[in-house]
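These notes are about the structure you will find just below.
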Amino acid sequence: MLRILLFTLATLFAIPAQAELHEVEMLNRNAQGPMPYAPDFLRIAPGDTVRFVPTAKGHNAATIDSMLPEGATPFKSRLGEVFEVTLTAPGIYGIKCSPHFAMGMVMLIAVGDAPLPPTLPQDLPPRARQRFDEILARIPAP
């Protein structure tokens, strides 16, 4: 009986792990050049939330179909609106701004301990591929 009481008390007063909120700005320009996300790479825990904040009206955040982990739910925010998404499926998420994808407005989100992609999909626009290559070159090896 004492064990059950102690277990019940421990369960009631246990502090659940807090998921984190990560903020990403969608910019017209920064030190990396035109049409960036800042930051353009995040490594987060499963269950963390990412808030995308447009600094200009014409930006959004959407998953790239060929860069989505198995079991992940695709998303696409509306233009010019703050958008939050909680990512639970581990893996690498390629994110784009739909109107500026061809201009290279992309970012990567690694959920969990997912390794970075050894190769990029063949169907990426040239500027998006270049930006992904730049992002991958800056990420230190684990």
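In this text the structure is predicted, and so the values were computed from the model without any measurement.
- Clustering ILVMFWY residues whenever any of their side-chain heavy atoms sit less than 4.5 angstrom apart, transitively, puts I139 in the very cluster that holds L124.
- Looking at S77, its side chain never comes within 3.5 Å of a backbone N or O of N60 through a donor-acceptor pair.
- Between A38 and L27, the shortest heavy-atom contact is CB-CD1, 3.7 Å.
- One distance of note links CG of N30 with CD of E25; it measures 9.5 Å at 0.5 Å rounding.
- Side-chain heavy atoms closer than 4.5 Å link hydrophobic residues (I, L, V, M, F, W, Y) into clusters, and following such links, even through other members, never connects F41 to V24.
- Pairing each heavy atom of A114 with each of G91, the nearest pair is CB-CA, 3.5 Å.
- Hydrophobic cluster membership differs between I64 and V50, with clusters built from Ile, Leu, Val, Met, Phe, Trp and Tyr side chains linked at under 4.5 angstrom.
- A donor-acceptor pair under 3.5 Å links the side-chain atoms of R131 to the main chain of G104, judged by distance alone.
- Here the shortest heavy-atom pairing between P90 and P69 reads O-CB, 3.3 Å.
- One finds the CG atom of L21 at 5.5 Å from the CD atom of E84 (value rounded to the nearest 0.5 Å).
- Of all non-hydrogen atoms in G58 and C97, the two that sit nearest each other are O-SG, 4.1 Å.
- Atoms CD1 and CD, on I44 and E20 in that order, are 9.0 Å from each other to the nearest 0.5 Å.
- One distance of note links CD1 of I92 with CZ of R43; it measures 6.0 Å at 0.5 Å rounding.
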Practice task
Determine, stepwise, if the pair Q32 / I135 fulfils side chain to side chain contact (heavy atoms under 4.5 Å, CB included).
Solution key: CA-CA 10 Å; Q32 269 79 39; I135 294 167; over 6 Å; no

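- For the pair V82/P54, a side-chain contact is recorded, criterion being any heavy-atom separation below 4.5 Å from C-beta on.
- Scanning both residues, F132 and I95, for their nearest heavy atoms gives CZ-O, 4.4 Å.
- The hydrophobic cluster containing Y37 also contains M35, counting ILVMFWY residues as joined when their side-chain heavy atoms lie under 4.5 angstrom apart, directly or transitively.
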Practice task
Mind running side chain to side chain contact (heavy atoms under 4.5 Å, CB included) on R129 and V106 for me, showing each step along the way?
Solution key: CA-CA 9 Å; R129 175 177 294 283; V106 295; over 6 Å; no

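- The cluster map of Ile, Leu, Val, Met, Phe, Trp and Tyr, joined by side-chain heavy atoms under 4.5 Å apart, puts L108 and L68 in different clusters.
- Counting heavy-atom neighbours within 6.0 Å of R78 CZ, excluding the residue itself, gives a total of 12 or less.
- Shortest non-hydrogen contact noted between G47 and T86 is O-CG2, 3.3 Å.
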Exercise for the section: Show the numbers, then the answer: is there a side chain to side chain contact (heavy atoms under 4.5 Å, CB included) between N28 and H59? Expected result: CA-CA 9 Å; N28 286 338; H59 299 303; 2.7 Å; yes

Handout entry: Test log, rule side chain to side chain contact (heavy atoms under 4.5 Å, CB included), inputs R138 and D40
Key = CA-CA 10 Å; R138 286 195 315 270; D40 57 12; 2.4 Å; yes

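- The OG1 atom of T49 sits 12.0 Å away from atom CD of E23, with the distance rounded to the nearest 0.5 Å.
- Using a 30° and 60° split on the angle between ring planes, F52 and F75 fall in the tilted class, from 30° to 60°.
- Distance check: M26 CE to M105 CE gives 6.5 Å after rounding to the nearest 0.5 Å.
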